[in-house]
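Just so you know, these numbers come straight off a predicted model, no measurement behind them. In this chain, numbering begins with 1 at the start of the sequence shown.
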Amino acid sequence: MNEISPVSEPVTEAAAPAKAKPALPDAQTVTEVKHWTDRLFSFRCTRPASLRFRSGEFVMIGLMNDPDPKTGKVKPLLRAYSIASPSWDEEMEFYSIKVQDGPLTSKLQHIKVGDEIILRPKPVGTLVHDALLPGKRIWFFATGTGFAPFASLLREPQTYEDYDEVIITHTCREAGELTYGRELIESLKDDELLNEVIGEGFWKKIKYYPTTTREESAKMGRITDLMRSGEAFADLGVPPLNPESDRAMICGNLAFNLELKDLFENTYGLEEGANSKPAHFVVEKAFLD
């Protein structure tokens, strides 16, 4: 894996009006693109008028693939992407990794304002409030671009109606990869709409715990190791997770998801939930960082 050099200032493209006649099936128009590092970017696009989703869900998005060399037919190339924007937003936001030889992201990373993407308007997912029992404290655990669904949930009024404390942990390899999440959380303080709708100072409920595993930063280490040692709980000033008060959501790479699931069940006594059977924690199985 090549080392990356964080981009000091995200490169942003200005908004553009939507095209009148989409050329793709289920097409939406890109309205903004930001490149955070040479491995990470985010973009916004128009939202289908009929699309309804719960904050934390994902949709299938993509582009048209290259023509089949034998038949010449062109098919959509789609992947599951968590929606980073909250359910009330008039546009859709997504946060993506760049994989140079990836079937989709090798193309998607080059999109520009005014381009069209395919967005299938059928949201699904497990990282929703409906899949959790009532509790006092909600934990969001993310690695890399797994921060995306929590970008949605951190701007969802229900998050603050349901919980007294909101803890977001974000583990990345390098410090530059934390920028998207950090800037989003900092922006909540000055978000006039959310402060009005949720209540002035709602953001004070948030405890943000970013860590890095390769590049030097204020807090080094994998979140699972910091939890096992007790360091994470001491830093945050909260007790270890317990079924009575704590609820959690996980979105990261497969190894991270499985490790946290094991920790929750065998160390903290939490039970995995689902839309059909709410419990103490949920895991986003569709996401692979």
Side-chain angles (χ1 to χ4, degrees), residues 1 3-4 37 39-40 56 58 82 95 97 125-128 131-133 135-154 159 163 165-182 184-185 206-274 279-289:
M1 187 69 68
E3 296 292 321
I4 67 171
T37 73
R39 284 188 74 245
L40 298 168
F58 65 87
S82 292
Y95 184 42
I97 194 170
T126 56
L127 300 186
V128 293
L132 296 175
L133 295 169
K136 174 187 176 184
R137 187 182 298 112
I138 180 76
W139 293 76
F140 298 142
F141 292 92
T143 61
T145 53
F147 189 92
F150 306 132
S152 175
L153 286 157
L154 284 167
T159 300
Y163 299 97
E165 283 185 290
V166 180
I167 299 176
I168 170 77
T169 81
H170 191 197
T171 300
C172 295
R173 281 168 284 197
E174 284 128 6
E177 297 174 328
L178 296 167
T179 308
Y180 173 82
R182 183 185 68 249
L184 185 144
I185 291 171
I206 300 172
K207 291 187 175 183
Y208 174 47
Y209 197 67
T211 71
T212 56
T213 56
R214 287 189 187 175
E215 187 179 20
E216 193 71 27
S217 70
K219 177 59 64 173
M220 299 285 294
R222 301 166 70 247
I223 185 62
T224 45
D225 292 337
L226 294 167
M227 290 168 69
R228 289 191 182 94
S229 70
E231 188 174 343
F233 303 114
D235 290 340
L236 289 163
V238 298
L241 285 80
N242 71 81
E244 285 70 40
S245 61
D246 293 280
R247 303 294 174 258
M249 296 184 180
I250 310 169
C251 191
N253 60 65
L254 183 58
F256 173 79
N257 291 358
L258 293 174
E259 186 178 4
L260 263 182
K261 174 179 163 66
D262 179 71
L263 197 60
F264 287 171
E265 293 176 339
N266 298 312
T267 300
Y268 304 122
L270 305 185
E271 180 183 347
E272 185 172 2
H280 307 128
F281 76 93
V282 285
V283 184
E284 185 51 86
K285 297 176 174 64
F287 176 85
L288 291 177
D289 177 31

Shortest non-hydrogen contact from Asn257 to Cys251? OD1-C, 3.9 Å
Glu177 versus Cys172, closest heavy-atom pair with distance: OE1-CB, 3.5 Å
Polar side-chain atom of Thr169 near backbone of Tyr209 as donor-acceptor pair, under 3.5 Å: no
Are side-chain heavy atoms of Thr212 and Met220 found at a separation under 4.5 Å? yes
In terms of relative ring orientation, are Tyr95 and Tyr180 parallel, tilted or perpendicular, with 30° and 60° separating the classes? parallel
Glu271 (side chain) donor-acceptor with Ala279 (main chain) under 3.5 angstrom: no
Side-chain touch Leu133/His280, heavy atoms, less than 4.5 angstrom: yes
Reported CZ-to-CD1 distance for the pair Arg228 and Ile223, which is rounded to 0.5 angstrom: 11.0 Å
State, to 0.1 Å, how close Leu270 and Asp246 come at their nearest heavy-atom pair, and which atoms those are. CD2-O, 4.4 Å
When you compare the side chain of Ser245 with that of Glu165, does any pair of heavy atoms fall below 4.5 Å? no
OG1 on Thr171 to CZ on Arg173, rounded to 0.5 Å: 12.0 Å
Min side-chain heavy-atom separation Trp139-Leu241 under 4.5 Å: yes
Distance col, row Phe150:CZ vs Thr159:OG1, nearest 0.5 angstrom, shows 10.5 Å
Between Tyr208 and Leu178, what is the shortest heavy-atom contact and its length? OH-O, 3.8 Å
Nearest heavy-atom approach of Arg247 to Asn242 is NH1-O, 4.4 Å
Atom CD in Glu272, atom NZ in Lys261: separation rounded to 0.5 Å? 3.5 Å
In this structure, CD of Glu231 is separated from CG of Leu226 (nearest 0.5 Å) by 5.0 Å
Where is the tightest heavy-atom contact between Leu132 and Ile138, given as atom of each residue plus distance? CD1-CD1, 3.5 Å
Answer whether the closest heavy-atom distance between the side chains of Leu154 and Phe147 falls below 4.5 Å. yes
Close side-chain approach of Val283 and Thr126, heavy atoms under 4.5 Å: no
If you apply the rule side-chain contact (heavy atoms from CB on, under 4.5 Å), what do you find for Phe58 with Leu127, and how did you get there? CA-CA 9 Å; Phe58 65 87; Leu127 300 186; over 6 Å; no
Before we go on, tell me: are the rings of Phe141 and Phe281 under 6.0 Å apart, centre to centre? no
Are Met227 and Thr267 side-chain neighbours, meaning at least one heavy-atom pair lies under 4.5 Å? no
d(Ile250 CD1, Leu263 CG) to nearest 0.5 Å is 9.0 Å
Arg39 vs Glu174, test: salt bridge (charged side-chain N to carboxylate O under 4.0 Å, His left out). Steps then yes/no. CA-CA 11 Å; Arg39 284 188 74 245; Glu174 284 128 6; 5.6 Å; no
